[in-house]
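Here's the structure, in structure tokens; my notes come after.
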Amino acid sequence: LCALYDRWEQSAKAAACNQALLAVLEKQYGSKSPVLVSALTNEAKALRSLGRAQEAVKFEDRIAQIRAATMAAGSSN
């Protein structure tokens, strides 16, 4: 549903949908899980479409942290 809102250029609805999705994913997988990357990316995109770049940067920073942690964990195996 979130992707459809994005495709239909309904950024406000996409942002709200992604926030709800993130809450569920975080509860199920934890706040640092790589599973969150797609939803975080979509949320950042929706926020940028709404002109809320500063908020989007926070999500992009989380994405970078998760990816760095994932790569670090992968290289230690």
Side-chain angles (χ1 to χ4, degrees):
L1 182 60
C2 301
L4 288 175
Y5 285 139
D6 186 50
R7 191 172 299 145
W8 295 333
E9 297 181 6
Q10 295 184 14
S11 298
K13 287 184 179 182
C17 183
N18 282 314
Q19 288 173 2
L21 176 60
L22 277 169
V24 170
L25 292 175
E26 286 175 341
K27 186 173 183 176
Q28 185 169 357
Y29 297 102
S31 63
K32 297 178 182 176
S33 173
V35 172
L36 302 175
V37 170
S38 178
L40 289 167
T41 301
N42 292 337
E43 179 66 3
K45 180 180 175 184
L47 289 169
R48 285 195 178 278
S49 293
L50 292 168
R52 295 163 53 185
Q54 289 181 339
E55 291 174 71
V57 169
K58 293 176 186 177
F59 288 93
E60 292 160 350
D61 288 345
R62 280 186 68 192
I63 294 164
Q65 291 170 359
I66 291 169
R67 286 184 173 154
T70 302
M71 284 196 281
S75 66
S76 68
N77 289 330

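- Residue Y29 shares its hydrophobic cluster (ILVMFWY side chains chained together at separations under 4.5 Å) with L21, L22, L25, V35, L36, V37, L40, L47, F59, I63, I66.
- Listed by chain and residue number, S11, A12, A15, R52 satisfy the side-chain contact (heavy atoms from CB on, under 4.5 Å) test with L50 (two or more places apart in sequence, or in another chain).
- Listed by first then second residue, pairs satisfying salt bridge (charged side-chain N to carboxylate O under 4.0 Å, His left out) with a partner in residues 15-30 read E26-R62, not counting sequence neighbours.
- Within the structure, the salt bridge (charged side-chain N to carboxylate O under 4.0 Å, His left out) test picks out no pair touching residues 11-24 (sequence neighbours left out).
- Residue pairs that meet the salt bridge (charged side-chain N to carboxylate O under 4.0 Å, His left out) test with at least one member in residues 37-49, sequence neighbours left out, are D6-K45, R48-E60.
- The stretch residues 30-40 participates, sequence neighbours left out, in no side-chain hydrogen bond (donor to acceptor under 3.5 Å, both in side chains) pair at all.
- Listed by first then second residue, pairs satisfying disulfide bond (SG atoms under 2.5 Å apart) with a partner in residues 2-70 read C2-C17, not counting sequence neighbours.
- V24 forms part of no hydrophobic cluster, judged by ILVMFWY side-chain heavy-atom separations under 4.5 Å.
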